[in-house]
Amino acid sequence: MTRYVAGRLLQAVVVVLIVTVIVFALLHSLPGGPARAILGIDATPAQMADFNHQQGFDQPLVVQYLQYLGRLLHGDLGRSFALNQDVSAVVTQRLPKTLLLTGVSTLVAMAVAVPLGVWQAVRRNRAGDYVVTALTFLAYSTPAFFLAFLAILLFSQAIPLFPAQAPQADTLAGILAEPAALVLPVATGAVTAIASFSRYMRSSTLDNLAEDYVRTARAKGTVERRVIWRHVGRNSLTPVITMLGYHIPVLFGGALVTESIFNYPGMGLAFWNAAQVSDYPVLLGVVLVIATATVIGSLLADLLQALIDPRVRGAHR
Amino acid sequence: MTAVAQPPPVPEVPATVPAPRAASVLRRLVRHRLAAAGLVVVGLLVVFSFLGPLVHPADQSVTNLQEASLPPGSAGHLLGTDGVGHDVLGRLMIGGRTSLIIGIATGLLATVIGTVYGAVSGYFGGRVDAVMMRVVDAGIAIPALFLLLTAAAIIRPSVTSMVLILGFVSWLVPARLVRAEALSLRTRDYVAAVRAVGGSGTRIILRHIVPNTVGTITVNATFQVADAILLIAYVSFLGLGVPPPATDWGGMLSDGVTNIYSGAWWLIFPPGLAIVLVVCAFNLIGDGLRDAFEIRRSR
């Protein structure tokens with residue numbers, strides 16, 4: 001187990017390093033380089049040369065990359081020129097809110113998708129299974145923003161149950177204090193996730209139902225309900241947990257859309273606003289933070305799976 | 001309408017690996033009623049987007065504020081007009097053209113890059129594979145939508161640039177899938193035989209490994225098209241898609257959103273439903289192909 005954890009950790013560090021190279025390359029592919037991007041189109045060549053010299057942009061790329069890494073290690077992500085604020089401050093203010101939104105909608109999604117998938121597998125190829133499969137298929141093919149509109153039209157306009165705007169509070173507690181305003185953003189994120197997870201859960205349960213241990217359990221006279229939920233359900237969960245790890249980038253992408261529609265004050269909204277005004281430090285900083293969060297997330301998913309399923313530890317990928 | 005069902009090329013398969021013949025794949029695909037329905041829907045949408053303007057010509061480059069925001073059924077405008085006077089039905093056609101071209105071209109580009117990358121990585125294995133796959137991990141860690149918006153802020157979007165950027169963020173999944181198959185294919189006897197008679201690595205990868213992953217590739221390519229159409233819709237919706245007067249279905253929806261509170265449903269539902277329809281259709285075809293190629297669920 002120690003060896004597996006160490007190997008997997010090393011892998012994660014390497015991946016994060018490659019991400020920094022990609023972001024560094026993006027920074028240098030900006031039209032006119034970082035100087036033009038930060039000083040604006042009015043900058044004179046002299047000003048740009050001066051800026052490049054001050055920032056060390058006239059040094060060899062390798063040196064620049066190492067300096068960039070050094071700044072990252074000190075938590076320096078650059079400074080937003082649209083918000084006139086350090087990018088790290090933007091991130092620390094907003095990342096927890098995004099994690100709250102994606103966390104809650106993922107929990108809601110799992111709470112619905114896991115029993116739903118098992119239920120579908122047990123009732124395989126019957127009317128109920130077909131109806132749910134059709135619905136999840138439809139949900140999977142619907143862009144989140146269209147889903148969000150339908151939700152706003154239905155539950156905010158036609159039947160005014162929930163506000164169309166997410167909570168605007170500055171603190172997590174303030175956001176949680178307005179649960180009604182959280183319903184639509186959370187539900188929008190959850191529906192798309194339910195569509196994917198229930199499909200994994202259904203096929204994973206089907207695989208497990210065909211295993212010998214199920215026959216053994218039944219032969220011993222175990223009650224069917226116990227066979228399904230205790231034995232099959234539990235074993236079927238492991239692949240879904242790995243999928244959850246792979247799914248983290250999708251969740252963040254979804255948060256970007258949900259936050260910009262419901263005006264939820266998270267990282268996604270900050271990123272979207274930055275994209276409108278080409279605020280590169282924020283764009284690149286957020287990409288780096290989100291990618292790192294994704295790597296950590298899939299690392300945790302893998303470790304969790306190794307903890308649940310001992311077979312994984314041996315089979316080193 | 002079955003004309004759209006291009007049978008996948010028959011791979012030159014050695015006897016050791018029984019792969020379904022193209023004809024039987026096609027037969028099973030058509031028997032799969034939902035997949036057949038998907039094929040029909042895609043065919044109809046292609047005809048609608050590419051041939052529709054011949055039947056229903058509508059100027060999409062000039063704005064006409066005197067005919068702005070007309071409801072459906074107005075003279076000459078079956079689906080009404082948008083906020084600047086474009087005919088919605090005509091706009092739906094040219095928007096569909098952009099969505100379909102970008103979606104299909106991206107799917108193909110991503111599949112080609114991913115297949116070659118994955119086959120090389122899996123064929124060589126060991127250290128090469130480890131390094132190549134960490135690059136894929138890093139690419140997957142950056143959510144596509146974030147990378148796309150960053151790129152769109154750097155380069156002014158056009159159909160070509162969108163296809164290139166989307167292609168470069170979408171090849172990672174097929175790379176992983178093909179690599180996994182290549183890892184097992186390279187240990188087969190016939191690969192050893194080719195190597196023994198002096199076949200080069202390039203020849204083994206292109207003639208023996210890639211053709212044997214054709215099922216996985218075809219199925220994944222179909223899903224890639226569906227995902228690419230969704231992604232381009234997201235980018236356009238977030239305001240960084242192809243600039244007007246060109247548009248795509250996501251961009252139309254984005255323009256229509258401003259009218260969400262004025263009850264102009266005809267600016268929201270037609271493009272929204274068109275996206276759902278085409279993505280659903282490609283996903284159904286992908287599911288059908290997976291059954292036809294008898295591939296275990298890979299997503």
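Throughout, a chain's letter reflects where its sequence line sits, starting with A, and its residues are numbered from 1.
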As an exercise, state the distance from CD1 of Ile142(B) to CD1 of Ile22(A), rounded to the nearest 0.5 Å.
4.0 Å
Phe271(A)/Phe146(B) aromatic ring centres below 6.0 Å:
yes
Here the pair of heavy atoms bringing Pro143(B) nearest to Pro249(A) is CB-O, 3.5 Å
Does the plane of the ring in Phe149(A) sit parallel, tilted or perpendicular to the ring in Phe237(B)? Use 30° and 60° as the thresholds.
perpendicular
With a 4.5 angstrom heavy-atom cut-off, is it the side chain or the backbone of Ile229(B) that approaches chain A, or both, or neither?
neither
With rounding to the nearest 0.5 Å, note down the distance linking CH2 in Trp272(A) to CG in Leu238(B).
7.0 Å
State the CG-CD1 distance between Leu147(B) and Ile290(A), to the nearest 0.5 angstrom.
12.5 Å
Can you tell me how far CZ of Phe146(A) sits from CZ of Phe269(B), rounded to the nearest 0.5 angstrom?
5.5 Å
Can you tell me how far CD1 of Ile275(B) sits from CZ of Phe145(A), rounded to the nearest 0.5 angstrom?
4.5 Å
Select one option (side chain, backbone, both, neither) describing which atoms of Ile261(A) are under 4.5 Å from chain B's heavy atoms.
side chain
Contact between Tyr234(B) and Leu256(A) at the side-chain level, heavy atoms closer than 4.5 Å - yes or no?
no
Interface moiety of Leu150(A) toward chain B, non-hydrogen atoms closer than 4.5 Å:
side chain
If I measure from the heavy atoms of chain A, does Leu230(B) come under 4.5 Å with its side chain, its backbone, both, or neither?
side chain
Side chain, backbone, both or neither of Val16(A) within contact of chain B (heavy atoms, under 4.5 Å)
neither
Can you name the salt bridge (charged side-chain N to carboxylate O under 4.0 Å, His left out) partners of Asp129(B), sequence neighbours left out?
Arg179(B)
Atom CZ of Phe168(B) with >12 non-hydrogen neighbours under 6.0 angstrom:
no
So for Ser260(A), is it side chain, backbone, both, or neither that comes closer than 4.5 Å to the heavy atoms of chain B?
side chain
Is the shortest heavy-atom distance from the side chain of Ser141(A) to the side chain of Val278(B) under 4.5 Å?
no
Against chain B, label Leu284(A) side chain, backbone, both or neither, depending on which of its atoms sit under 4.5 Å from a heavy atom there.
side chain
Per-residue contact mode, Val14(A) against chain B (heavy atom under 4.5 angstrom)
side chain
With only heavy atoms counted, which part of Ala144(A) is less than 4.5 Å from chain B, the side chain, the backbone, both or neither?
both
Rounded at 0.5 Å granularity, tell me how far OG1 in Thr294(A) sits from CG in Asp137(B).
11.5 Å
